[in-house]
Peer 1: 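Here it is, the structure, as structure tokens.
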Protein chains: 2
Amino acid sequence: MAEPFILDDFLPYRMSVLAGRLSREYSRIYQERFGLSRAEWRVVAHLSQESAVSVREIHARVDMDKSKVSRAATRLEQAGYITKRTSISDRRLVELALTGKGHEMMAELAPLAQAFQDELLTRLGAHADGFLRGADRLLEISDG
Amino acid sequence: MAEPFILDDFLPYRMSVLAGRLSREYSRIYQERFGLSRAEWRVVAHLSQESAVSVREIHARVDMDKSKVSRAATRLEQAGYITKRTSISDRRLVELALTGKGHEMMAELAPLAQAFQDELLTRLGAHADGFLRGADRLLEISDG
DNA sequence: CTGGCTTTGTCGCATTTGCAACGGGTTTCC
DNA sequence: GGAAACCCGTTGCAAATGCGACAAAGCCAG
């Protein structure tokens, strides 16, 4: 009685597919408008929350490899969206922060993200609450 | 009043992080034991459900690029886990199927996957039902 | 049947990715 | 005060990835 395995019911798989589709769908917006990659979008979005953040913090909170964050930051700096500055209190750290241009971009992107989010919540309908709580649960335990 | 954007509440982002963590956590199992990549695992897992499947079908259902499926299949064939055979009814198609060795591997992997799944459901606890329904909802609408 | 038009899988190529190693910086502990 | 251990960000490199192009095969109208 071996092999009653059903991929479609397997949670890591379903999450991957779902995440892939949602991210791809949404990524069109910032890619077409600003030429951002997904990694770059994440960095910028994270920076819009807290003002000056080190690479390490993003790496930890955003589930991206150090090098990925680092390279995204380099590209964003070249594009003029963020600044990189070595921290004064700890010269190992690099403080990332949005430039004026970066803030403008986020000001344009934030409503679009919100709209996308709202649409998803509409799709979820009555299941929204349960879904979000479950996601919380898995996220908080899976790492911290 | 611009920029009230909170990345942590943004669904595509949360799904990406969650999917990444779950997949990475589970991938240790089949990577250490059988040296499979994530793409290869997906192909094999899919094949364990339906006997003979074309590259195209997997590409469509599993959210992987054609070339990704193709290359994963090539590696799996070289490793002796699957066979590739051009279909008789339509010679464009390539029928993928598990070998005996492939079935053995799945027989070993299936219970481990089940155990992982059970653990996740335990983590979800009372939220499990709501979460799964929500995921269904998003998946069924996001593409088909 | 024959000449388009679509579909399927593979491959080339440029880019991205993850991992490990490295070079500075800092803390710790004697 | 200094050396060993540790932490941070960048870079090199091999592997993986996505995209477009391509050949082979099927389909379809005339």
Side-chain angles (χ1 to χ4, degrees), chain A residues 16-17 19-21 23-28 30-32 35-43 46-47 52-79 82-97 143, chain B residues 16-17 19-21 23-28 30-32 35-44 46-47 52-79 82-97:
Chain A
S16 283
V17 173
R21 288 195 190 152
S23 290
R24 212 169 316 128
E25 196 174 333
Y26 178 63
S27 70
R28 282 188 218 131
Y30 53 74
Q31 269 185 11
E32 288 175 6
L36 294 183
S37 75
R38 199 177 307 183
E40 287 155 21
W41 151 255
R42 277 206 197 167
V43 170
H46 189 85
L47 286 179
V53 181
S54 70
V55 169
R56 183 192 163 283
E57 260 179 284
I58 297 184
H59 154 59
R61 282 180 87 289
V62 158
D63 195 53
M64 280 169 62
D65 192 77
K66 283 190 302 178
S67 57
K68 204 173 171 181
V69 177
S70 173
R71 291 191 250 245
T74 300
R75 286 190 295 262
L76 286 169
E77 187 188 32
Q78 284 169 352
I82 71 169
T83 55
K84 285 166 58 174
R85 196 170 52 111
T86 63
S87 164
I88 301 178
S89 56
D90 185 341
R91 295 217 310 267
R92 291 172 302 182
L93 276 60
V94 174
E95 283 174 356
L96 306 179
D143 185 298
Chain B
S16 282
V17 173
R21 287 193 190 155
S23 290
R24 211 169 317 128
E25 197 175 332
Y26 178 65
S27 70
R28 283 187 217 134
Y30 53 75
Q31 269 184 12
E32 289 176 5
L36 294 183
S37 75
R38 200 177 307 185
E40 286 155 21
W41 151 255
R42 274 204 199 168
V43 170
V44 171
H46 189 83
L47 286 180
V53 182
S54 71
V55 169
R56 186 195 161 281
E57 261 179 284
I58 297 185
H59 155 58
R61 283 181 88 288
V62 158
D63 195 52
M64 281 169 62
D65 192 78
K66 282 191 302 178
S67 55
K68 205 173 172 181
V69 177
S70 173
R71 290 191 250 246
T74 300
R75 287 190 295 261
L76 286 169
E77 187 190 32
Q78 285 170 350
I82 71 169
T83 55
K84 284 166 60 174
R85 197 169 52 110
T86 63
S87 164
I88 301 177
S89 58
D90 185 340
R91 295 218 309 268
R92 290 172 302 181
L93 277 60
V94 174
E95 285 175 355
L96 307 178

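Residue numbers begin at 1 in each chain, while the letters A, B, ... track the order of the sequences.
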Peer 1: If I take atom CD from residue A:Gln31 and atom CZ from residue A:Arg38, how far apart are they, to the nearest 0.5 angstrom?
Peer 2: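 One gets 8.0 Å once the value is rounded to the nearest 0.5 Å.
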Peer 1: What pairs of nitrogen or oxygen atoms, one from the protein and one from nucleotides 8-12 of chain D, lie under 3.5 Å apart?
Peer 2:
residue : atom : partner : partner atom : Å
D:dC8   : OP1  : A:Arg56 : NE           : 2.9
D:dC8   : OP2  : A:Arg56 : NE           : 3.1
D:dG9   : OP1  : A:Val55 : N            : 3.3
D:dG9   : OP1  : A:Val94 : N            : 3.1
D:dG9   : OP2  : A:Arg56 : N            : 2.6
D:dG9   : N7   : A:Lys66 : NZ           : 3.1
D:dG9   : O6   : A:Lys66 : NZ           : 3.3
D:dT10  : OP1  : A:Lys84 : NZ           : 2.9
D:dT10  : OP2  : A:Ser70 : OG           : 2.4
D:dT10  : O5'  : A:Ser70 : OG           : 3.2
D:dG12  : O6   : A:Arg71 : NH2          : 3.2

Peer 1: If you pin A:Ile88 and A:Lys68 to their nearest nucleotides in DNA chain C, which one's is more 5'?
Peer 2: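 That would be A:Lys68.
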Peer 1: Quickly work out the B:Arg75 CZ to C:dT10 P distance and round it to whole Å.
Peer 2: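 Value for this atom pair: 12 Å.
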Peer 1: What are the two closest heavy atoms between A:Ile82 and A:Ala73, and how far apart are they?
Peer 2: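 Taking A:Ile82 first and A:Ala73 second, the nearest heavy atoms are CD1-O, 3.5 Å.
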Peer 1: Just the rounded figure in Å: distance from P of C:dG18 to CZ of A:Arg38.
Peer 2: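 Those two atoms, CZ and P, are 11 Å apart.
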Peer 1: Nearest 0.5 Å, what's the OG-CD distance between B:Ser27 and B:Glu40?
Peer 2: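 Between atom OG of B:Ser27 and atom CD of B:Glu40 there are 12.0 Å.
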Peer 1: Measure CD/A:Gln31 against P/D:dG18 and give the value in whole Å, please.
Peer 2: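 So the two atoms are 12 Å apart, to the nearest Å.
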Peer 1: If I compare all heavy atoms of A:Val43 with all of A:Ala72, which pair ends up nearest, and what's the gap?
Peer 2: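 Result for this residue pair: CG2-CB, 4.1 Å.
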Peer 1: Could you give the NE2-to-P distance, from B:His59 to C:dT7, as a whole number of Å?
Peer 2: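 Rounding to the nearest Å, NE2 of B:His59 and P of C:dT7 are 12 Å apart.
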Peer 1: Take atom CD1 of B:Ile58 and atom P of C:dG9, then tell me their distance rounded to the nearest Å.
Peer 2: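 After rounding, the gap between these two atoms is 9 Å.
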Peer 1: Please give me the minimum heavy-atom distance between A:Val17 and B:Val62, naming the atom from each residue.
Peer 2: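 What the structure gives for the nearest pair is CG2-O, 4.1 Å.
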Peer 1: Rounded off to whole Å, could you give me the CG-to-P distance for the A:Leu36 and C:dT16 pair?
Peer 2: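 Interatomic distance, CG of A:Leu36 to P of C:dT16: 13 Å.
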Peer 1: To the closest 0.5 Å, what do you measure between CZ (B:Arg42) and OH (B:Tyr30)?
Peer 2: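 Rounded to the nearest 0.5 Å, the CZ-OH separation comes out at 8.0 Å.
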